[in-house]
Amino acid sequence: MKRLGRTFFSCDAAVLAPALLGCTFVRMTDAGERLAGLIVETEAYAGPADQAAHTRNGHRSPRNEVMWGDAGLCYVYFTYGMHHCMNVVCGGVDVPEAVLVRAIEPVDGIEIMRTNRSSTATGSKPRKHPLRDRDLCSGPARLCQALGISRDENGLDMTQSDRLWIEPAPDIGRGAVPPDRIVNTTRVGIDSAGPEWAGKPWRWYDRGSAHVSKR
DNA sequence: ATGACGATTTACT
DNA sequence: GTAAATCGTCATA
């Protein structure tokens with residue numbers, strides 16, 4: 001099986017983020033089941049200068065240590081006391097950049113994703129209406145829930161791990177998602193970083209996908 | 001030691 | 001549209 005290697009990830013976050021659209025994110029469960037989906041929405045977090053990034057002002061701690069590691073590592077963090085979000089580390093060693101994967105379109109293991117996202121699995125109230133497939137992975141915490149990603153996956157090297165990797169888009173280089181379908185706009189949930197950084201057009205998504213987190 | 005807050009989601013008015 | 005849930009992390013003391 002083909003997978004993206006170190007070279008692909010060794011670039012600026014604002015370059016990697018749109019390049020990941022159309023690629024397939026793969027997560028193998030402990031039981032050997034393949035959970036996979038097409039990446040349809042990403043955001044770039046760019047190093048010490050970016051006031052919306054966990055590494056703003058060069059901040060380095062046990063929590064964000066993985067962001068300082070080599071490109072291709074998986075950075076998972078816990079937030080709001082209940083959610084996990086997953087990033088692809090890029091840049092290179094001591095260049096703390098990462099791309100947040102905000103949404104994927106489920107392809108393989110959809111039944112397991114439905115189970116992982118069910119109210120019984122999440123502990124939330126019973127759903128009034130059935131969980132739609134478009135709601136399975138349409139958000140950074142939702143996709144982690146669906147794929148069973150937690151801090152256990154933090155630091156995994158996606159260029160080598162047998163549990164986590166990314167497969168190239170069919171027509172990599174030219175872009176699996178036609179350029180006219182890629183929307184480039186501002187990031188979500190970072191207003192507190194201030195207008196200068198909240199205004200950066202560092203979010204990309206596929207206009208044609210029903211699986212993005214926000215339209 | 002304490003308090004404020006978060007790269008979110010869900011439920012409710 | 002607003003509010004609640006819920007806890008690790010970080011700044012302040």
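Just so it is clear, the structure is predicted and the values come from calculations on it, not from any experiment. Only this structure's heavy atoms are used, side chains among them; waters, hydrogens and symmetry mates stay out. A note on names: the letters A, B, ... follow the listed sequences, proteins ahead of strands, and every chain is numbered from 1.
Contact annotation: A/Thr79 does not reach the phosphate of C/dT9 (side-chain N/O to OP1 or OP2, under 4.0 Å).
When the P atom of C/dG8 is taken as reference, atom OH of A/Tyr75 falls 15 Å away, rounded to whole Å. A/His84 has its NE2 atom 10 Å from the P atom of C/dG8, to the nearest Å. For the pair A/Asn57 CG and C/dC10 P, the computed distance is 13 Å after rounding to whole Å. Atom NZ of A/Lys125 is separated from atom P of C/dA4 by 13 Å (rounded to the nearest Å). One can place CE of A/Met82 at 8 Å from P of C/dC7, the figure rounded to the nearest angstrom. In this structure, NE2 of A/His54 is placed 12 Å from C1' of C/dG8, rounded to the nearest angstrom.
Residue A/Thr55 comes nearest to A/Asn64 through the heavy atom pair CG2-ND2, 4.0 Å, listed as atom of the first residue, atom of the second, then distance.
Contact annotation: the side chain of A/Cys74 never approaches that of A/Arg27 to less than 4.5 Å [non-hydrogen atoms, C-beta and beyond]. Using a 4.5 Å heavy-atom cutoff, the side chains of A/Arg203 and A/Glu41 are in contact. Side-chain contact between A/Met28 and A/Glu33 is absent, with no heavy-atom pair separated by less than 4.5 Å.
As judged by a 4.0 angstrom heavy-atom cut-off over every strand, A/Ser61 is placed among residues touching the sugar-phosphate backbone only. Contact annotation for A/Arg151: backbone-only contact, meaning every heavy-atom pair under 4.0 Å involves sugar-phosphate atoms and none involves a base. Within the nucleic acid shown, A/Met86 has no heavy atom closer than 4.0 Å to any nucleic acid atom. Counting any heavy atom pair closer than 4.0 Å across all strands shown, A/Ala52 reaches a base atom. Residue-level contact check: A/Ile190 touches the backbone only, with heavy atoms under 4.0 Å from sugar-phosphate atoms and none from bases. Using a 4.0 Å heavy-atom cutoff across all strands shown, A/Thr122 reaches no nucleic acid atom at all.
A salt bridge is defined here as a Lys NZ or Arg NE, NH1 or NH2 lying under 4.0 Å from an Asp or Glu carboxylate O, and A/Arg102 with A/Glu43 meets this definition. Ion pairing of A/Asp135 with A/Arg127 is absent here, as no side-chain N (NZ or NE/NH1/NH2) approaches a carboxylate O to less than 4.0 Å.
Helical stems in DNA chain B, defined as runs of 3 or more consecutive Watson-Crick or G-U wobble pairs with both donor-acceptor distances under 3.5 Å, are listed by first residue as B:1-6 with C:7-12, B:8-12 with C:1-5.
Here, C/dA3 and B/dC5 have their C1' atoms 16 Å apart, quoted to the whole Å. For the C1' atom pair drawn from B/dA7 and C/dG1, the interatomic distance equals 23 Å after rounding to whole Å.
The span of DNA chain B lying next to chain A, judged by atoms under 4.0 Å from heavy atoms, is bounded 5' to 3' by B/dG6 to B/dC12.
A/Leu100 and A/Ile166 are assigned to two separate hydrophobic clusters, defined by single-linkage of ILVMFWY side chains at heavy-atom distances under 4.5 Å.
Looking at A/Ser10 and A/Arg6, their side chains never bring a donor and an acceptor atom within 3.5 Å of each other.
Mapping A/Ala53 and A/Arg117 onto DNA chain B by nearest heavy atom places A/Ala53 at the nucleotide closer to the 5' end. Map A/Pro126 and A/Val188 each onto its nearest nucleotide of DNA chain B; the residue landing nearer the 5' end is A/Val188.
Ring orientation note: the planes of A/His83 and A/Tyr80 are nearly perpendicular, at an angle over 60° on the 30°/60° scale.
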Exercise for review: Check the pair A/Arg34 / A/Glu167 against salt bridge (charged side-chain N to carboxylate O under 4.0 Å, His left out), numbers first and verdict last.
Suggested key: CA-CA 13 Å; A/Arg34 175 186 163 108; A/Glu167 297 174 356; 3.1 Å; yes

